[in-house]
Amino acid sequence: MTTASPALVADLVCANHILYVEGVVDGFGHVSVRHDGRDDRFLLACGVAPATVTAADIVEVDYDGAVHDAAGRRSYLERFIHSEIYKARPDVMAIVHSHSPAVIPFGVTRATLRPVCHMSGFLGFSTPVFEIRDAAGDDNDMLVKNAALGRALAASLGSNLFALMRGHGSVTVAHSLKLVVARAIWAEMNARLQTEAMRIAGGDSGVNYLTPGEATGSMAINETVVDRPWDFWKARARTVLASLSR
């Protein structure tokens, strides 16, 4: 059982459910948030599917990736994605790692994921791609399963808010749990829209992307209204999951 506030735990449970219902995660993927009662740990679910996460599944993990759980449960193998980014980025309060399907093609092609709509200005114009071969060699299982690989991913992310992971998925960061969930959803949405725009235009050069000023301005305004989509996603997740349990 975690010592974090019940409100934060409840929001983390909701975050897992929302990301599943909105198509960002499936049986895999995870979301974390910094502990609100101590500065050396973060909260993450134990190794269960996001749609099934309950408050009882939330465990504490320290920044070395060690799981602290009285029941002795392990968390996700790739918890080092979270621990190393938290160590490298004091500004980050929450992280999502997913294998969202529309995003993956941008990590394995020469196409650059760029903002095409006002909800996705946070993507910027130089979305980094983490190449695990550079850190693990050609013979690897594509998983960020230790601190060294977590550090390499954090270095690739740098000061950005989003990074692709070649052949694997992506990582999204934010200064709040609600915002990181929104960004993960909006990144998947942007990837679908950009793919369609490039198809219609016959390539990347025919797409009219957001300017740097538009991206910065829209990102700033979207951060002030994140409660609105959160409440909607939360209600939809509750309805969808209730229907699945009948």
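These numbers were taken from a predicted model, which means no experiment stands behind them. Numbering of residues begins at 1 and proceeds along the displayed sequence.
- Between Arg238 atom CZ and His17 atom NE2 the span is 11.0 Å, to the nearest 0.5 Å.
- Among all heavy-atom pairs drawn from Tyr20 and Leu244, the shortest one is OH-CD1, 4.0 Å.
- No donor-acceptor distance shorter than 3.5 angstrom exists from the side chain of Thr172 to the backbone of Arg183, with no hydrogens or angles considered.
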Please assess Leu177 against Val31 for the test side chain to side chain contact (heavy atoms under 4.5 Å, CB included), listing each intermediate value before the final yes or no. CA-CA 9 Å; Leu177 181 59; Val31 53; 3.8 Å; yes
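- Among all heavy-atom pairs drawn from Thr3 and Glu60, the shortest one is N-OE2, 2.7 Å.
- Among the candidates Val96, Val103, Val173, the single residue satisfying the side-chain contact (heavy atoms from CB on, under 4.5 Å) test with Phe162 is Val103.
- Using a 4.5 Å heavy-atom threshold, the side chains of Thr2 and Arg41 count as separate.
- Heavy-atom contacts from other residues, nucleotides or ligands closer than 6.0 Å to CG of Asn208 number 12 or fewer.
- How far OG of Ser83 is from CZ of Arg151: 9.0 Å, rounded to the nearest 0.5 Å.
- The backbone N or O of Ala220 sits nowhere less than 3.5 Å from a side-chain atom of Thr224 that would complete a donor-acceptor pair.
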Working note: Val59 + Arg74, criterion side chain to side chain contact (heavy atoms under 4.5 Å, CB included); need CA distance, chi angles, decisive distance, verdict. CA-CA 9 Å; Val59 299; Arg74 296 181 61 188; over 6 Å; no
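- Within the hydrophobic cluster formed by Ile, Leu, Val, Met, Phe, Trp and Tyr side chains joined at under 4.5 Å, directly or through other members, Leu143 is accompanied by Leu77.
- No single ILVMFWY cluster, assembled from side-chain heavy atoms under 4.5 Å apart, contains both Val108 and Met198.
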Side chain to side chain contact (heavy atoms under 4.5 Å, CB included) between His168 and His97: does it pass, once the steps are laid out? CA-CA 10 Å; His168 188 160; His97 166 56; 3.2 Å; yes
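- Thr195 contributes a side-chain N or O that, together with a main-chain N or O of Ala191, makes up a donor-acceptor pair within less than 3.5 Å.
- In this structure a side-chain-to-backbone donor-acceptor pair under 3.5 Å is present from Asn190 to Arg114.
- Tyr86 and His82 have tilted rings, their planes meeting at an angle from 30° to 60° on a 0 to 90° scale.
- Here CD of Glu78 is found 10.5 Å from CG of Asn146. Values are rounded to the nearest 0.5 Å.
- In this structure, CD1 on Ile221 lies 10.0 Å from NE2 on His118, to the nearest 0.5 angstrom.
- The pair Glu188-Arg192 meets the salt-bridge criterion, with a side-chain N (NZ, NE, NH1 or NH2) lying under 4.0 Å from an Asp/Glu carboxylate O.
- In terms of heavy atoms, Asp57 sits closest to Arg73 at CA-NH1, 3.7 Å.
- Judged purely by atom type and a 3.5 angstrom limit, Asn160 has no side-chain atom pairing as donor or acceptor with the backbone of Pro128.
- You'll find the side chain of Leu19 stays beyond 4.5 Å of the side chain of Ser98, heavy atoms only.
- Counted by atom type alone, Gln194 and Tyr209 present one or more donor-acceptor pairs between their side chains at under 3.5 Å.
- Scored by the salt bridge (Lys or Arg N to Asp or Glu O under 4.0 Å) test, Arg166 finds Glu131 as partners (sequence neighbours excluded).
- Contact between Arg79 and Leu44 at its shortest, heavy atoms only, is CB-CD2, 3.8 Å.
- Among all heavy-atom pairs drawn from Asn140 and Met142, the shortest one is OD1-N, 2.7 Å.
- In the hydrophobic clustering of this structure, Met119 groups with Val180; members are Ile, Leu, Val, Met, Phe, Trp, Tyr whose side-chain heavy atoms approach within less than 4.5 Å, directly or through other members.
- Residues Ile18 and Phe232 are members of one and the same hydrophobic cluster, defined by side-chain heavy-atom contacts under 4.5 angstrom among Ile, Leu, Val, Met, Phe, Trp and Tyr.
- Between Tyr76 and His30, the two ring planes are parallel [angle under 30°; tilted spans 30° to 60°].
- The two residues Pro115 and Ser120 have their closest heavy-atom pair at CB-O, 3.2 Å.
- Side-chain atoms of Asp62 come within 3.5 Å of backbone atoms of Asp64 as a donor-acceptor pair (strictly under, hydrogens ignored).
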Between Arg89 and Leu161, is a side chain to side chain contact (heavy atoms under 4.5 Å, CB included) present by the stated rule, with each step listed? CA-CA 11 Å; Arg89 293 279 299 274; Leu161 303 174; 4.0 Å; yes
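- Using a 4.5 Å cut-off on side-chain heavy atoms (C-beta onward), Met189 and Glu22 make no contact.
- Using a 4.5 Å heavy-atom threshold, the side chains of Trp230 and Ser176 count as separate.
- In terms of hydrophobic clustering, with Ile, Leu, Val, Met, Phe, Trp and Tyr side chains grouped at heavy-atom distances under 4.5 Å, Phe130 and Phe28 are assigned to different clusters.
- Distance check: His35 NE2 to Phe42 CZ gives 11.5 Å after rounding to the nearest 0.5 Å.
- Contact of the Val33 side chain with the Asp11 side chain is not registered, since no non-hydrogen atoms from C-beta on lie closer than 4.5 Å.
- Side-chain contact check for Met165 versus Ile81: some heavy-atom pair is nearer than 4.5 Å.
- Under the 4.5 Å side-chain contact rule for hydrophobic residues, Val116 and Phe106 share a cluster.
- Atom OG1 of residue Thr109 and atom CG of residue Leu164 lie 9.0 Å apart, to the nearest 0.5 angstrom.
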